[in-house]
Amino acid sequence: MVVRANHFLVQVADIDLYHYDISITPEVSSKKVCRDIITQLVELYRQSHLGGRILAYDGGKSVYVAGELPFLSKEFKIKLVRKDEPTRKEREFNVSIKFASKPDLHHLQQFLLGRQRDIPQETIQVLDVVLRETPSNKYTVVGRSFFHPTLGRPGELGNGVEYWRGYYQSLRPVQMGLSLNIDVSARSFYEPVCVTEFVSIHFNLRNFSRPLSDQDCRKIRKVLKGVKVAITHREHARTYKITGMSSEPINKLMFTLDDEKTQISVAQYFREKYGFMLKFPSLPALQAGNNAKPIYLPMEVCTIVEGQRYTKKLNERQVTEMLRATCQRPADRQNSIMETVRRNDYTNDEFVTDFGIQVRQQLCDVDARVLPSPLLNYHSTGKESKVNPKMGQWNMINKKMINGGSVEHWTCVNFSSRVDPSLPVEFCHQLVGMCNSKGMVFNPKPLLPIRHAHPNQIENALRDIHSQSMQALGQGKCLQLLIIILPDVTGSYGKIKKICETDLEPGIVSQCCRPRQAQKLNKQYFENVALKINVKVGGRNNVLDDAIKKNIPLVTDRPTIIFGADVTHPQPGEDSSPSIAAVVASMDWPEVTKYRGIVSAQVHREEIIQDLYKTTQDPQRGVVATGMIRELFIAFRRSTNMRPHRIIFYRDGVSEGQFSQVLLYEMDAIRKACASLEEGYQPPVTFIVVQKRHHTRLFPTNNQNIDRSGNILPGTVVDTKICHPTEFDFYLNSHSGIQGTSRPTHYHVLFDENNFSADKMQMLTNSLCYTYARCTRSVSIVPPAYYAHLAAFRARYYMEGDASDTGSVSSGSRNVEIQTLPRIKENVKDVMFYC
C-alpha cells in the first residue's frame, strides 16, 4: 500500500558553503530591523565589495554564502531610515562580517548514505536558512511558520483577536535524503484596531466615562504589555512598544515638560500641543519607554500594529472558531499544501538557486501497511463476549464490562440553575440503569438525597455532603462517587476537582457533567459516562484478547510495567506558574489496562521530570529514597505480588532538541529508583518518545484505502523514506478520522534494552490504542501517554485560586519558589481519577 506524505525531496549541488559571523552595532533587538540592515548592505555593496554574492541571513548573528567572499573580515556602514517615521534622522549602523567556518556538504552526503552516524547539523542549518530567506523577508515569522493576510483571508475569532493563515516549513534529514516538510498552518493575531476598541470588545467594557477599576487595569496591562501600537494623532504614525499602563487617568496624570519646570496633565498637553480634545479623559494612559523616562500615550490615539501574534490563552469559543476555520478534509489540505509549494516557486527563488538547491514539486509517495485491529474481550455473560473493531471503532451493544466496578455509596448535587429541577433525578436513574446493564453493580438508591445547591456555595455544599456521608457511613468508609452537574458559570470545574480529590479527607472520586450534557439523556452519552465511572471506581471495560492469552511479545511473557509520562507547561505570559509533571503506570499485568497516576509541580518550563527519583535526609533513617518511579514500582508489586521484569516507558511532549538531555536524566532516575528497591535490580528498559506536535500528514492515494472521513485507515504505519536515516522511529495513524485531516503520531525509540523489532513495537503500540478507557474507539496516541497528559492537565485545576500556597523547590544551583500541588488522597490515587 502507498500513501502520500507532505514531504518534498530536496537535492543540493556539490558547492562550497561559507559561514560568516555578523555583528551589528549599536545592537538591534528587532529581527525585522536586522533583516532590513542586511538587505540594505547587499543592495549597496554586492557588486563592489561582496564579489557579486548574496547573503542568506538567519536573523541573528550568522550569514551564509555560496562561495567565498573576497575578504576574511570587513566592516560596513549602513544608514537606515525608520519606515514608520521618515522625517526622523537616519540611523547609522556598523556591520562587521567575519569568516567563521566552512560547512561540509560531503559530511552531509555521507550521513544521508548511512556512512556516518553524527548529524551534520550546521550544514542542514545553512540549507534551512537559505530556504527560509525569501519568506522571512516577505511574511510574519512565528517559529518555523510564516503568516500573512495574502496567504489566506484573515478571520475573526472575537474579542479583538483574528486568525491568519500561513504555512509551516522545515528541512529535515530522512531516509530518502533531505526532505522539506510543508504544512498549512494558522495562528491568532491581534486585530489592528484602536486600543479603546480592543479594550471595549476584549474585556466587555462599554462605559469609558468613569475611571476603570484596579482589577480591570491589571487585566488590560497584562494583555497589552509588549504589544506595538502606532500613534494616529500625528502626520507620521510612529510605533511604540507598550511597557505598562499608568495608575491614574490621563486628565490627572501629570508630567514635566522639556523646560523641566512646567507640570501638565496628559489630556491638557494633547489639547495644547496638537489641538486634540480627548474623548475618554478618564482612561489611564499606555506607557512606553522605561520607568525613568516614560512616554504616556492615550489609548484613543493608539492603533495596534498589524501582524502581532496573540499569545494569550484562547477561550472556548475562540478555539472552536479556530478549529472550524482551519479544519480541512485530506483532499483539501493536500491541495492547499500544493498551492503553497507553487506559490513559493523555489525554482525561481534567487537564494535557493544561488545555493544549488532543487526542491521537488510533488508530495512524496511512501510505502505503508495497515496493522490489524486487536480482538477485545468483554465479560462472558454478555451476548457478545468478544469484538473485532472495524475502522477503529465499536459499541457496547450486547456487551458487559469485563470487570464491572461496584458503587454502593453515591449521591448527586446540581449546581446549575438552567436545568429542570426534576432532571437530576431522571439523569441519575438512567445512568444507574445503564451502568448496571453493562455489568457494574450500582446501588440504585443514593446514600444522600439528590440535592440542588447555589453555584456561589460550591465549597460549603461539597463539605456538607462529605460530612453527612461520613456520618451516615461511620468510621473507615467514605462516599465512592459524587455526580456533579456543573454550574452555568465557567471556572468551577477545577475548584470542584480540587475539593473532591485533594481537600476532602479521605477524598471523593467525582464525575462532573455540564448542564447541556446532562440534558442529552441519550443512550450513547450514558454509555460513555458509564465507561468513565467504571474505571474511576476500579473496574475495567475490556482487555486485549492477546493479553489474556499471554500472547503479546515482550509484554506478557514476563511481568512488565508500562509507564506513560508527560509535562504540561503554563500558557505564555504566566511566568510564575509551575510546570506540572505526571507519570502513570500499569497495575494489572498481563492485562495492562489499569493505570495509577502521580502528579508533581516543578520549575516553570522545565521539561525534564524532576521528581522521578530523589533522596531526602531523615534524622533517624539517614538517606531516604523517594520519587514517582519508586512509588509506582511499590504499587505494582502490591497490586500484582510481582516485581516488574521489564519496563516500557512512553514519554510524551519531548522535542527533538531535548531528546538526549531528557533521555540521560530520566533513564538515570529510573536506574536509581530500581537500585533503591533492591541491590542489583536493573530490569531492561525501552524508552519511547511520543510526538503529536509535528507537521507530517499522510494522505490516501486512492478511494479504496480510506475511512469515512476520507483519511487513511486506522492502523496505518510508515517506517521508511520520511523517517530518521539511522534511528528507530515510525509514524502510526492508530485512529479513525472524525473531521479534518488525521495527524499520525510519531514514535521515536531512543533506548531499547528489550530488543523490540519494528513490527513488535508497532503492533504493541497499535493494540494499546484500543484499550483507552473513556470511549469505544481506538485513540490517536498510546493510552499511557494519553493518561499522563490527562493527569497533568487535571492537576493544573488543583492550583486555581491557591497562588499563595508556595514551596521552595531546588533546581540545580537555583532555589525557585514554585506553587506546590495539594496531595491527592490515597484512595483516589488507586483508581483512574483523571479519566
Side-chain angles (χ1 to χ4, degrees), residues 32 135 138-168 183-208 212 216 219-232 237 239-242 245 279-280 283 286 299-329 332-333 335-337 339-340 343 488-491 514 516 571-574 695 738-741 743:
K32 180 70 174 69
K138 290 169 60 178
Y139 306 133
T140 297
V141 183
V142 180
R144 291 192 168 274
S145 297
F146 304 97
F147 300 94
H148 198 267
T150 59
L151 298 177
R153 183 184 300 173
E156 284 191 20
L157 293 176
N159 293 9
V161 184
E162 63 184 9
Y163 66 85
W164 283 13
R165 299 180 191 275
Y167 68 95
Y168 167 92
D183 192 21
V184 293
S185 188
R187 287 290 186 276
S188 54
F189 287 81
Y190 287 90
E191 279 194 76
V193 296
C194 180
V195 172
T196 50
E197 182 183 347
F198 175 84
V199 169
S200 174
I201 59 180
H202 191 86
F203 298 100
N204 197 27
L205 297 173
R206 298 289 183 260
N207 186 3
F208 290 155
L212 299 175
D216 286 336
K219 290 179 181 177
I220 295 169
R221 186 182 297 113
K222 183 176 180 180
V223 171
L224 290 180
K225 188 174 182 180
V227 173
K228 289 182 181 178
V229 293
I231 54 174
T232 59
T239 62
Y240 295 90
K241 180 179 282 190
I242 300 171
M245 200 166 69
K279 297 178 185 177
F280 310 118
L283 288 177
L286 301 175
M299 291 185 188
E300 63 192 86
V301 304
C302 296
T303 298
I304 295 173
V305 174
E306 185 183 59
Q308 297 181 82
R309 188 182 171 197
Y310 181 79
T311 58
K312 307 299 187 290
K313 184 178 181 180
L314 298 176
N315 60 38
E316 286 186 18
R317 184 172 61 83
Q318 289 171 324
V319 170
T320 301
E321 286 299 317
M322 176 77 91
L323 291 174
R324 183 180 292 122
T326 58
C327 184
Q328 289 182 294
R329 291 292 190 192
D332 295 332
R333 192 181 194 102
N335 290 336
S336 296
I337 291 169
E339 175 58 31
T340 298
R343 183 176 53 241
D488 309 322
V489 295
T490 58
R514 305 197 182 277
R516 279 182 298 176
Q571 290 291 323
E574 294 183 23
H695 286 269
I738 298 176
Q739 59 180 355
T741 304
R743 188 196 319 234

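By convention here, the first residue in the shown sequence is residue 1.
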Tell me if a side-chain donor or acceptor on S200 pairs with a main-chain N or O of T196 at a distance below 3.5 Å.
no
Heavy atoms of other groups near E339 CD, more than 12 under 6.0 Å
yes
For residues Y167 and H695, determine if any side-chain heavy atom of one lies less than 4.5 Å from a side-chain heavy atom of the other.
no
Within the 4.5 Å heavy-atom criterion, are M299 and M245 side-chain neighbours or not?
yes
Would you say that D183 contacts R333 through its side chain, given a criterion of any heavy-atom pair below 4.5 Å between the two side chains?
yes
Within the 4.5 Å heavy-atom criterion, are R309 and T140 side-chain neighbours or not?
no
Correct closest heavy-atom pair for G226 and Q308 would be O-OE1, 4.3 Å
Under 3.5 Å, is there a donor-acceptor pair between the side chain of E300 and the main chain of F280?
yes
d(R206 CZ, I201 CD1) to nearest 0.5 Å is 8.0 Å
In Å, rounded to the nearest 0.5 Å, how long is the span from CD of E156 to CD of Q318?
11.0 Å
Is the side chain of R343 donor-acceptor paired with the backbone N or O of L151 at a distance under 3.5 Å, no angle test?
no
Locate the shortest heavy-atom distance separating L224 from I242; write the atom from each residue and the value.
O-CB, 3.5 Å
Check side-chain contact (heavy atoms from CB on, under 4.5 Å) between S188 and all other residues, then give those that pass, not counting sequence neighbours.
L157, V161, Y310, L314, M322
Side chain of T232, backbone of C302: donor and acceptor closer than 3.5 Å?
no
Q739 to C327 - nearest heavy-atom pair and separation:
C-SG, 3.8 Å
Check whether any side-chain heavy atom of V227 sits under 4.5 Å from a side-chain heavy atom of V195, and report yes or no.
no
R516 atom CZ, over 12 foreign heavy atoms within 6.0 Å
no
Mind running side-chain contact (heavy atoms from CB on, under 4.5 Å) on V199 and L283 for me, showing each step along the way?
CA-CA 11 Å; V199 169; L283 288 177; over 6 Å; no
H148 and Y139 have their tightest heavy-atom pair at CB-CD2, 3.4 Å
Assess whether atom CZ of R153 is packed by more than 12 heavy atoms of other residues, nucleotides or ligands within 6.0 Å.
no
I'd like to know if the side chain of T741 and the backbone of Q328 have a donor-acceptor N/O pair within less than 3.5 Å.
yes
Minimum heavy-atom distance W164-E306, with the two atoms named:
CZ2-CG, 3.4 Å
Who pairs with V193 by side-chain contact (heavy atoms from CB on, under 4.5 Å), at least two apart in sequence or on another chain?
E191, E197, F198
Measure the NZ-NE2 distance between K312 and H202 for me, rounded to the nearest 0.5 Å.
8.5 Å
Any idea which heavy atoms bring F147 and R187 closest together, and the distance?
CZ-CG, 3.1 Å
How about V223 and Y190: do any of their side-chain heavy atoms sit closer than 4.5 Å?
yes
So, taking the atom named CZ in F208 and the one named NZ in K279, what distance separates them when rounded to the nearest 0.5 Å?
12.0 Å
